[in-house]
Amino acid sequence: MTQTEDKITLSTEDTPLVPMEKIVSLSKRRGFVYPNSEIYGGVSGIYDFGPLGVELRNTIRRYWWWSMVQTNDNVVGIEGNIITHPRVWEASGHVENFVDRLVECKNCKRRFRIDQLPKENVEQNKCPVCGGELGEPRVFNLMMETYIGVVEGERTKTYLRGEACQNIYLDYDNVLKSSRLQIPFGICQIGKAFRNEVTPGNFLFRQREFEQWDLQFFVHPSEMQKWFDYWRERRFAWYKGIINHKDRLRLRPHGPDELAHYAKQAFDIEYRTVLGWQEWEGIHWRQDWDLSRHSQFSGQDLSYTDPETKERYIPWIVETSGGVDRTFLNLLLDAYEEEPPSGKDKEGRTVLRLHPWFAPVKVAVLPLQKNKEELVTTARDIHKRLQRLMVSQYDDVANIGRRYRRQDEIGTPFCVTVDFQTLEDQTVTVRERDGMTQVRLHINELPAYLLERVMWNYS
Ligand code: ATP
């Protein structure tokens, strides 16, 4: 459900849920997210990312990659293409089954996905907004079509991939043959996916072009349950580790009516926002479905031979599938806070309490005054040194309090201020975003002090 009121609402646990409008407005004002093709009126469900947005996306991608690929010896990464052979989407079932069923209200003309309507509205054929009568369901395929080739009549119709993970199945055999991996092992990928969503909306939550991340973990069938449990717990802990509001995260098992025919079980990792409890990542029991289908459709044998026992089998797969965009959105919704005036800050402030790892700008370097040349030169010099290690911003516009607030609003965890004492003893103040506490450090101590706090893999 979309929240339209421009005020913070209280959830049942009395914790404030941030209205989407606050995030949409901050995103545009400060350069996180812009509507795509805005000067032409925009395209629904398609967005561009601004200077801060692209930094945030990079940190999100890097952290996922670091924890899934870089630090697991039995997991490797690939980068597959958006366009593939069209048969891929027949084998995957997308051409036939990747559909949404939609109903339109005869009175207010709003459209709803049947699977997202409350049960009583489906049973009574009643619009959940105005109570009007709902029309006949219509079926829409979500795949976006495109063509390979230039000569009319000789062009081949194919699709922009509807899910990124298919490349992993396509490259599975090549990865196996070109590396020394043995089952159990995993392949990861981050990449764009495209869906003609029939009800795009809720800002970045449901877009037509978005970026997914997947792990496909290949196992012997006898070890499926063990690895399914393992990755479910690891992925849940991963999400718990990156948010402030831990009580807004849950694991929801799929009911029997939601399970694919080959799946013994499935879970959604869900996060609660003004949209209610919504999927953030899916943990799926894919069994041998994908590799068997691609074996069948391509005519290539994708079975695996155990090097020791010589047993031959199609590996079973545990899939964890989430994405950059919902992580981006949920992190902003989780981190956004409007603080009332207090002893430390007389005007009140908006603060993004992002984990320092994710902050688009890690440090801001601020000369106390911009009309004192020595302060400016020293601050610029510090900024240049820090820039080699992390994203640093130099800012000398407006008074120092205003500059702190500007940085708080975009989540910058540390501000380094160069003042008159700096010129005497080479020390600076480091102000920390959340508690607004300050410490005084020698300039040479800054790199280690900051790296320790902003890098997840620093020790
Ligand atoms: P939903 O039920 O919300 O439509 P889904 O079950 O179709 O999602 P999957 O196909 O399992 O989603 O995709 C895996 C992940 O990709 C989701 O958990 C989500 O993080 C992301 N995702 C899927 N569709 C979108 C979209 N339209 N916009 C942004 N992210 C998406």
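Please read all numbers here as calculations on a predicted model, not as lab measurements. Both ligands and their constituent atoms are indexed starting at 1 by order of listing.
- Residues that satisfy the salt bridge (charged side-chain N to carboxylate O under 4.0 Å, His left out) test with Arg101, not counting sequence neighbours, are absent from this structure.
- Glu90 meets the salt bridge (charged side-chain N to carboxylate O under 4.0 Å, His left out) test with Arg87; sequence neighbours excluded.
- For Arg402, the salt bridge (charged side-chain N to carboxylate O under 4.0 Å, His left out) criterion is met by no residue, not counting sequence neighbours.
- For the residue pair Gln189/Gln212, the side-chain donor-acceptor check at 3.5 Å is not satisfied.
- For the side chain to side chain contact (heavy atoms under 4.5 Å, CB included) with Phe32, the lone residue among Ile23, Ile410, Val24 that qualifies is Ile410.
- Around ligand 1 you find Arg113, Arg195, Glu197, Leu204, Phe205, Arg206, Gln207, Phe210, Gln212, Glu279, Trp280, Glu281, His284, Ser321, Gly322, Gly323, Arg326, each with a heavy-atom distance below 4.0 Å.
- Salt bridge status for Arg405 with Asp408: absent, with no side-chain N to carboxylate O gap under 4.0 Å.
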